[in-house]
Amino acid sequence: MLYLAIVFLPLAGFLIAGLFGASIGAKASEYVTTGLLIVVAILSWVAFVTVGLGHTEAFKVPVLHWVESGSLSFDWALRIDTLTVVMLVVVNTVSALVHAYSIGYMHHDPHRPRFFAYLSLFTFAMLMLVTADNLAQMFFGWEGVGLASYLLIGFWFKKPSANAAAMKAFIVNRVGDFGFLLGIFTLFVLFDTVQFDTLFSAAAQYLPAEGAAGGDAVVLNFLGYSLDKQGAITVAALLLFMGAMGKSAQFLLHTWLPDAMEGPTPVSALIHAATMVTAGVFMVARLSPIFELSHTALIVVTVVGATTAFFAATVGLVQNDIKRVIAYSTCSQLGYMFVALGLGAYGAGIFHLFTHAFFKALLFLCAGSVIHAVSDEQDMRHMGGLRKYIPKTYWMMIIGTVALTGLGIPGTIIGTAGFFSKDMIIESAFASHSPVAGYAFILLVVAAIFTSFYSWRLIFMTFHGQPRASHDVMHHVHESPYVMLVPLFILAIGALFAGVVFREYFFGHEYAEFWKGAIYTGPENEILSEFHHVPFIVAASPFLAMVAGFLVSWYFYIRSPETPKRLAEQHHGLYQFLLNKWYFDELYNFIFVRPAMALGKFLWKRGDGWLIDGHGPDGISARVVDVTNRVVRLQTGYLYHYAFAMLIGVAALVTWMMLGSNF
């Protein structure tokens with residue numbers, strides 16, 4: 001009953017606010033949905049303590065029998081294990097705080113019942129995804145999250161930019177989802193099941209032993225290629241990862257994420273911290289027994305993750321919109337998580353997902369508090385000097401920043417959440433024997449320097465220096481109400497202490513006992529055994545990167561504010577390259593959007609308009625109408641017109657008869 005309540009109470013909130021919001025009013029909608037999510041968040045922590053920190057083994061909670069079609073048969077059931085309860089805590093804690101925060105942030109919006117209904121629908125869809133016991137159920141939640149994100153990003157649908165951003169997120173994710181669906185089909189073809197338990201047990205025995213007979217037999221034909229078992233597993237894993245790339249905004253399928261900032265700021269916090277973007281990370285971790293069978297797929301995951309971490313960090317260096325800076329930070333941190341998954345350090349990857357939820361939600365909600373204070377301004381170039389006016393928001397943003405940049409003392413237990421989780425991934429990259437581990441390690445350390453730089457750049461441009469806003473805006477700057485501040489205080493606790501409290505469980509000495517087989521652990525995980533013996537300089541590299549980024553940022557924006565302007569002018573090409581996000585939007589517009597628009601216009605104008613309307617059924621009917629209209633003109637109703645026509649006919653008949661008799 002506990003787990004059914006956790007999953008279905010947000011659905012109840014969605015139905016109440018969505019169907020009866022106009023009747024019960026905005027206040028009731030806010031309090032009902034938020035109250036239910038607070039209850040769900042508390043129950044999620046109870047589940048986490050019971051399953052994750054206790055001795056409860058994995059189990060299922062049946063809901064109903066779902067599909068029976070030939071060999072395809074599965075139930076709707078909730079899979080409860082450590083990975084599930086970790087995600088329950090992340091999703092429901094952040095969602096409950098976002099609901100509460102939104103009461104203050106959306107106070108003046110006339111459509112609050114609809115907004116809170118969408119928030120609860122988003123949460124329910126994510127809960128469906130993380131509690132899935134089979135691939136079909138996971139795909140249902142996967143698509144539900146996509147639908148809810150479309151509704152929330154485009155919530156202010158009267159803004160053309162919001163509509164465009166919602167469409168962009170929806171379309172780009174359909175690209176990834178197509179790959180994910182093909183991956184599901186491939187696994188069903190190979191194993192004749194979509195149930196996780198059956199799938200994992202069959203996969204463990206699927207690949208033949210090295211040198212065994214029959215290992216090169218063709219089991220799958222894909223795009224004209226005949227694949228043996230190893231090739232088929234690799235294709236399945238890569239297709240599944242394609243879905244993760246779209247949902248978690250990895251390199252090449254990342255372009256929707258910054259534009260998602262067009263939605264209200266609480267939406268940004270929910271999407272970027274706890275729900276949509278973490279779905280891909282969760283999926284790869286859940287299917288880790290499949291990915292572990294393909295070294296090629298793991299290499300691809302690692303390379304894409306490291307490239308994403310570096311790419312997004314470079315773009316974040318020069319962005320001026322406060323929410324876009326944090327959005328690219330999210331993209332970069334997701335790259336860290338995928339590097340961990342690709343290297344087999346699944347516990348470290350999920351640990352960073354866990355800690356990241358706290359400090360990234362904190363940063364986004366703090367950004368919302370800043371925007372709320374400065375009359376909806378989002379450009380940091382029009383801010384400055386705000387720390388005296390909104391001190392509580394300032395200090396919460398500082399906590400989020402030190403957690404993101406990984407402030408801590410190497411070799412000790414003194415550090416913020418990001419210090420432990422991000423350092424675990426960087427050290428795992430050094431300790432790994434993967435052929436791309438060196439590539440990943442270098443890019444992650446460089447990304448850590450950039451992360452520190454743009455995070456402190458945001459702090460200095462927003463809160464320090466002289467105010468750059470107009471006098472009227474500065475006159476109305478005010479601290480947010482406590483309904484918005486209290487969620488920040490709670491998230492700040494997680495951003496500071498989640499790392500030190502849970503580090504031993506996720507990727508430490510309690511690793512095996514904590515996970516209880518919920519993720520692939522291997523022979524006590526080879527990386528984990530070497531993780532604790534890396535050189536001190538490697539362990540200290542994230543700290544040194546953080547310090548370097550902070551010092552450069554301080555010099556640029558406090559000590560010598562003219563330096564960034566001079567560098568931008570001296571390296572105008574590089575500056576524009578980063579400011580325009582490596583020109584991916586322009587490239588995709590040239591390769592995909594413009595040809596699609598041109599094809600659509602051709603089919604509309606020439607195909608539909610000229611061919612079908614002009615010469616097809618519409619054209620024929622138009623000609624018939626045209627002829628009848630001309631015939632109608634002959635029927636005037638005047639008797640002498642008809643008599644004249646008869647005389648002409650008689651004359652023509654006589655003429656024909658006379659000419660005919662001559663021949």
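Sequence positions, counted from 1, serve as the residue numbers for this chain. Just so we're clear, the structure is a prediction, and the values are computed from it rather than from any experiment. Values below: every heavy atom of this structure, side chains too, minus hydrogens, waters and symmetry copies.
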Would you call the rings of [X] and [Y] parallel, tilted or perpendicular, taking 30° and 60° as the class edges?
X: F502; Y: F506; result: perpendicular
X: H111; Y: F155; result: perpendicular
X: F48; Y: F514; result: perpendicular
X: F354; Y: F351; result: parallel

Strictly by salt bridge (charged side-chain N to carboxylate O under 4.0 Å, His left out), give each pair with a member in [range] just once, sequence neighbours left out.
range: residues 146-159; result: K159-E262
range: residues 137-154; result: E143-R174
range: residues 33-52; result: none

Are the aromatic rings of F122 and Y118 close, with centres under 6.0 Å apart?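 No: the rings miss the under 6.0 Å criterion.
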
The single option from V90, L270, V91 passing side-chain contact (heavy atoms from CB on, under 4.5 Å) against M126: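 Among V90, L270, V91, the one that satisfies the side-chain contact (heavy atoms from CB on, under 4.5 Å) with M126 is V91.
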
Report the residue from P487, S95, S102 that forms a side-chain contact (heavy atoms from CB on, under 4.5 Å) with P266.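 Per the side-chain contact (heavy atoms from CB on, under 4.5 Å) rule, the option paired with P266 is S102, out of P487, S95, S102.
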
Taking all non-hydrogen atoms of both residues into account, name the closest pair between [X] and [Y] and its distance.
X: T416; Y: A403; value: OG1-CA, 3.4 Å
X: L187; Y: I290; value: CD2-CG2, 4.2 Å
X: A327; Y: L257; value: O-CD2, 3.8 Å
X: A417; Y: T355; value: CB-CB, 3.7 Å

Quick one about [Y] and [X] (side-chain donor to acceptor, distance below 3.5 Å, no hydrogens or angles considered), yes or no?
X: S329; Y: K360; value: yes
X: Y346; Y: E292; value: yes
X: Y105; Y: T265; value: yes
X: N163; Y: W156; value: no
X: H356; Y: T278; value: no

Please identify each residue that fulfils salt bridge (Lys or Arg N to Asp or Glu O under 4.0 Å) with K516, with sequence neighbours left out.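 If we apply the salt bridge (Lys or Arg N to Asp or Glu O under 4.0 Å) test to K516, skipping adjacent residues, there are no hits.
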
Which pairs, with at least one residue in residues 234-269 and sequence neighbours excluded, count as a ring-ring contact (aromatic ring centres under 6.0 Å, His included)?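 Non-adjacent pairs meeting ring-ring contact (aromatic ring centres under 6.0 Å, His included): F241-F338, F251-F311, F251-F584, H254-F311, H254-F584.
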
Are D197 and R79 ion-paired here, with the side-chain N under 4.0 Å from a carboxylate O?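 Result for this pair is yes, salt bridge flagged.
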
Is it true that R286 and D81 make a salt bridge, defined as a side-chain N closer than 4.0 Å to a carboxylate O?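 So R286 pairs with D81 through a salt bridge.
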
[X] vs [Y] side-chain heavy atoms within contact, under 4.5 Å:
X: E510; Y: W515; answer: no
X: K247; Y: M283; answer: no
X: Q137; Y: W66; answer: yes

Side chain to side chain donor-acceptor pair (under 3.5 Å) pairs, two or more places apart, involving residues 27-47: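 Pairs touching residues 27-47 that pass the test: E30-R112, S44-N92, W45-T93.
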
Crowded around F20 CZ? As in, over 12 foreign heavy atoms under 6.0 Å?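 At most 12 heavy atoms, drawn from other residues, nucleotides or ligands, come within 6.0 Å of this atom.
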
Over 12 non-hydrogen atoms of neighbours within 6.0 angstrom of NE2 in H295: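 Result for NE2/H295: open.
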
Taking the six-membered ring of F364, is NZ or CZ of K323 closer than 6.0 Å to its centre and within 45° of its axis?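 So K323 doesn't make the cation-pi contact.
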
Would a distance-only check, ignoring hydrogens and angles, find a side-chain to backbone donor-acceptor pair under 3.5 Å from T198 to V194?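 Checked: no pair found.
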
Using only atom types and a distance under 3.5 Å, with no angle test, would you say the side chain of Y101 pairs donor to acceptor with the backbone of S369?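 Yes; judged by distance alone, with no hydrogens or angles, the pair exists.
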
